[in-house]
A.B. asks: 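Sending over a structure as C-alpha cells; questions will come in a sec.
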Amino acid sequence: MSEFKSDFLRTLKERGFIHQISDETGLDDLLARETVTAYIGFDPTAPSLHAGGLIQIMMLHWLQQTGHRPISLMGGGTGMVGDPSFKDEARQLMTPATITDNIAGIKKVFSRYLTYGDGPRDAQMVNNADWLMTINYLEFLRDVGRHFSVNRMLSFDSVKLRLEREQSLSFLEFNYMILQAYDFVELNKRYDVRLQMGGSDQWGNIINGIDLGHRMGTPQLHALTSPLLTTASGAKMGKSLSGAVWLNPEMLSAYDFWQYWRNTEDADVSRFLKLYTTLPMDEIARLSALGGSEINEVKKILATEVTAMLHGRDAAEQAAETARKTFEEGAIAENLPSIDIAGSELEAGLGLLTLLVRAGLAGSNGEARRHVQGGAVRINDTPVSDERRTVGSVDLTGDGVIKLSLGRKKHILVRPA
C-alpha cells in the first residue's frame, strides 16, 4: 500500500517496524475507523526481557500513542509447554513458581513504555494461564483440536527446520501452536482483540489464530509482524560480548545499558533511532545526515534516548555523564558499576587474576591472564602487565576506590566493604 490512512500503520511504516501484514487494506480501514485492541505475547523464560524484545514493546507503545489499546500477554500457561519456533532443541520445562517469578520481573519493564489502567485506551497486562490452566482436555480436542491439520502444521518453517535437522520435536511442543492460536480467539472473546503482532518468526502461529477464529466465529482477525533484527555485522539484537542486554535494572545497570547503545555500529544508528526512540522523524533525519566524528555524538544521543525510556531521564543523563568523565577526562566517576571487597582482603592483597574474575571482567583465571598479557587491563588507568600482581589497599585512590578497567569501555570500581 502506498500510503496508510491510520496513524498507527503510517508510524510503523516510516519507522521500519513492518515486515508482513495479513490484510493491509482491511487492517488500515479498521484502525482508521475505531479504537483497536491488539496484543503481543511474551513467554516468561527469564526474570527479564532483553533488548531483543524492545522492538515488540515499542510496537505496543506506538499503538497506544496513536489512540489504540495494547495488551501485553504473559505466557503463564504456554510457558509451561515452550515455544519450539526456530529452536534447535526443546526448552527446559519451568516450574509454576519459576514462571510466576519471571512474570513479576518482566512486568516491571512494561510500565515504562505503556500506560496501564481501566480506561478505553489503557493497556492491560493479561496472563494466558487464566484460561489455559482450566481447560478440559477432551473438550479442547473436540472444540479446538479438530480445526487443525497436522499436514499444514508440518509445513511451517519453525517445524520443518527441526525435522530437517533430525532434531526431536515433542508432542508437548507441537501443541504450542494450537494453544497460541486459541489465545487469539480467547482474547477476542474477552477483550475484543482484533490484531496480534510479533516477530516475523511468529507469522505461522499468528495466521493459525486467524484461521481458528474464522472457524470458531470471531470477527475478522489480523496479523502484523516486524522484521527479525540483527546488527549490521550480523549479531543478534540484545546480545553483547558479556551476555544478554537485560531490561531490568537489577540485572543490568543503566550505565551498562547506555554503553550497549553507545557502541552501536555506524551503519545501524539511523535505523535504531527510528525503532528504539520517540524522537520526531525530522530530527532523526537531521541526525542521520551527520557523518565523520559527529556520528559518535549521535550515538550518545541514541544511547541517552533509549536509556531514558527504560530507566528515566535522570539515570540516562547520569550514565552519559559517567561515560564522559571516564573516557574524556580519565576521571573516576562515582556512578560506575562497583563491587565490594572485604577490607581485610584488600589489606592482605588480592591476586589480580582473581579480582578480574570476581569483578566479572573475565570468566576464568585463564581468560584473565590472556587479558593481562594482551595489555587490556589497567588499574587506576595505569596499564598492568604482571599477571602475578596483587591488588590491595595501597591501590586505593583519594576517592577510596580502585578503578579496574578492561579495554576502553569496561570499568569496575572496587570498594572496601
A.B. asks: Would Phe4 and Glu14 count as a side-chain contact (heavy atoms from CB on, under 4.5 Å) here? Give the steps.
C.D. replies: CA-CA 10 Å; Phe4 289 114; Glu14 68 182 5; over 6 Å; no

A.B. asks: Kindly say whether Gly407 contributes a backbone atom to a donor-acceptor pair with the side chain of Arg378 at under 3.5 angstrom?
C.D. replies: yes

A.B. asks: So, does Arg15 use its side chain to make a donor-acceptor pair with the main chain of Thr277 at under 3.5 Å?
C.D. replies: yes

A.B. asks: Report the C-alpha distance between Ser200 and Gln20 in whole Å, list the side-chain angles of each, state the deciding distance to 0.1 Å, and finish with yes or no for side chain to side chain donor-acceptor pair (under 3.5 Å).
C.D. replies: CA-CA 8 Å; Ser200 59; Gln20 279 179 291; over 6 Å; no

A.B. asks: At what distance, to the nearest 0.5 angstrom, does NE2 of His411 lie from OH of Tyr255?
C.D. replies: 5.0 Å

A.B. asks: If we only count heavy atoms from C-beta on, is the Leu9 to Leu224 side-chain gap below 4.5 Å?
C.D. replies: yes

A.B. asks: To the nearest 0.5 Å, tell me how far Leu310 CG sits from Leu54 CG.
C.D. replies: 7.0 Å

A.B. asks: Checking His371 side chain against Val377 main chain: does a donor-acceptor pair fall under 3.5 Å?
C.D. replies: no

A.B. asks: Of all the heavy-atom pairs spanning Asp130 and Thr134, show the shortest one and how long it is.
C.D. replies: O-OG1, 4.0 Å

A.B. asks: The criterion is side chain to side chain contact (heavy atoms under 4.5 Å, CB included); which residues satisfy it with Thr95, sequence neighbours excluded?
C.D. replies: Ala97, Thr98

A.B. asks: Quick one: CE on Met80 to OG1 on Thr78, what's the gap to the nearest 0.5 Å?
C.D. replies: 10.5 Å

A.B. asks: Sequence neighbours left out, what pairs pass ring-ring contact (aromatic ring centres under 6.0 Å, His included) with at least one residue falling in residues 287-320?
C.D. replies: Phe257-His311

A.B. asks: Is a donor on one side and an acceptor on the other found under 3.5 Å between the side chain of Asp43 and the backbone of Thr45?
C.D. replies: no

A.B. asks: Which atoms form the tightest heavy-atom contact between Arg121 and Gln64, and what is the distance?
C.D. replies: O-NE2, 3.0 Å

A.B. asks: Report the distance from atom NZ of Lys107 to atom CG of Asn102, rounding to the nearest 0.5 Å.
C.D. replies: 12.5 Å

A.B. asks: If you measure from the Lys or Arg side-chain nitrogens to the Asp or Glu carboxylate oxygens, is any gap between Asp28 and Lys13 under 4.0 Å?
C.D. replies: no

A.B. asks: What's the separation between atom CG in Asp395 and atom OG1 in Thr390, rounded to the nearest 0.5 Å?
C.D. replies: 7.5 Å

A.B. asks: Measuring only between side-chain heavy atoms, which start at C-beta, is Thr278 closer than 4.5 Å to Met58?
C.D. replies: yes

A.B. asks: Tyr39 vs Tyr191, test: ring-ring contact (aromatic ring centres under 6.0 Å, His included). Steps then yes/no.
C.D. replies: CA-CA 10 Å; Tyr39 85 101; Tyr191 299 96; 9.8 Å; no

A.B. asks: Considering only residues two or more places apart or on different chains, which pairs with a residue in residues 67-77 satisfy side chain to side chain donor-acceptor pair (under 3.5 Å)?
C.D. replies: Thr37-Arg69, Ser72-Tyr116

A.B. asks: Salt bridge (charged side-chain N to carboxylate O under 4.0 Å, His left out) between Glu367 and Arg370: does it pass, once the steps are laid out?
C.D. replies: CA-CA 5 Å; Glu367 184 185 341; Arg370 288 191 295 276; 5.2 Å; no

A.B. asks: With a 4.0 Å cut-off on N to O distance, would you call Glu305 and Lys300 a salt bridge?
C.D. replies: no

A.B. asks: Mind running side-chain contact (heavy atoms from CB on, under 4.5 Å) on Leu212 and Phe148 for me, showing each step along the way?
C.D. replies: CA-CA 8 Å; Leu212 182 62; Phe148 286 84; 4.0 Å; yes

A.B. asks: Under the side chain to side chain contact (heavy atoms under 4.5 Å, CB included) rule, collect the residues that match up with Leu361, sequence neighbours excluded.
C.D. replies: Leu356, Ala359, Leu404, Leu406, Lys410, Ile412

A.B. asks: For Val391 and Val384, what are the C-alpha separation, side-chain angles and deciding distance, and is it a side-chain contact (heavy atoms from CB on, under 4.5 Å)?
C.D. replies: CA-CA 11 Å; Val391 183; Val384 181; over 6 Å; no

A.B. asks: Using side chain to side chain donor-acceptor pair (under 3.5 Å) as the criterion, point out the one residue from Thr304, Thr322, Asn263 that pairs with Trp258.
C.D. replies: Thr304

A.B. asks: Restricting to non-hydrogen atoms, name the atom on Gln124 and the atom on Asp118 that form the minimum distance, rounded to 0.1 Å.
C.D. replies: NE2-CA, 4.5 Å

A.B. asks: So do Ile207 and Ser22 actually touch side chain to side chain, heavy atoms under 4.5 Å?
C.D. replies: yes

A.B. asks: Where do Ile55 and Pro227 come nearest, in terms of heavy atoms and distance?
C.D. replies: CD1-O, 4.1 Å

A.B. asks: Heavy atoms, side chains only, cut-off 4.5 Å: are Lys299 and Ile295 in contact?
C.D. replies: yes

A.B. asks: For Glu347, look at atom CD and say whether over 12 heavy atoms of other residues, nucleotides or ligands are found less than 6.0 Å away.
C.D. replies: no

A.B. asks: Under 3.5 Å, is there a donor on one side chain and an acceptor on the other for Gln202 and Thr225?
C.D. replies: no

A.B. asks: How far apart are the closest heavy atoms of Asn248 and Ile106, and which atoms are they?
C.D. replies: ND2-N, 4.4 Å

A.B. asks: Between atom CG of Leu353 and atom CD of Glu387, what is the distance when rounded to the nearest 0.5 Å?
C.D. replies: 6.0 Å

A.B. asks: Considering residues at least two apart in sequence or located in another chain, which fulfil the side chain to side chain contact (heavy atoms under 4.5 Å, CB included) criterion with Thr264?
C.D. replies: Trp261, Asp268, Val269, Phe272, Leu302

A.B. asks: With a 3.5 Å cut-off and no angle check, do the side chains of Asp183 and Trp131 form a donor-acceptor pair?
C.D. replies: yes

A.B. asks: Tell me whether Glu345 is salt-bridged to Arg358, with the criterion being a basic N under 4.0 Å from an acidic carboxylate O.
C.D. replies: yes

A.B. asks: Would you call Tyr260 and Val306 a side-chain contact if the rule is heavy atoms closer than 4.5 Å?
C.D. replies: no

A.B. asks: Just one of Asp266, Leu290, Ile284 clears the side-chain contact (heavy atoms from CB on, under 4.5 Å) bar with Val298, so which one?
C.D. replies: Leu290

A.B. asks: Has Asn188 got a side-chain atom pairing as donor or acceptor with Thr218's backbone, closer than 3.5 angstrom?
C.D. replies: no

A.B. asks: Is Leu287 close to Leu279 at the side-chain level, that is, under 4.5 Å between some pair of heavy atoms?
C.D. replies: yes

A.B. asks: Tell me every residue that passes side chain to side chain contact (heavy atoms under 4.5 Å, CB included) with Arg286, counting only those two or more places apart in sequence or in another chain.
C.D. replies: Glu283

A.B. asks: Within a strict 4.5 Å, meaning less than it, do heavy atoms of the Leu132 and Tyr182 side chains meet?
C.D. replies: yes

A.B. asks: With heavy-atom distances below 4.5 Å as the criterion, would you say the side chains of Val36 and His222 are in contact?
C.D. replies: no

A.B. asks: Please answer whether the main-chain N or O of Lys403 pairs with a side-chain N or O of Asn380 as donor and acceptor at a distance below 3.5 Å.
C.D. replies: yes

A.B. asks: Return the minimal non-hydrogen interatomic distance between Glu265 and Ala232, and the atom names on each side.
C.D. replies: OE1-CB, 3.4 Å

A.B. asks: Could you walk me through whether Met237 and Val245 satisfy the side-chain contact (heavy atoms from CB on, under 4.5 Å) test, starting with their C-alpha distance in whole Å, then the side-chain angles of each, then the deciding distance to 0.1 Å, before giving a yes or no?
C.D. replies: CA-CA 9 Å; Met237 277 301 298; Val245 181; over 6 Å; no

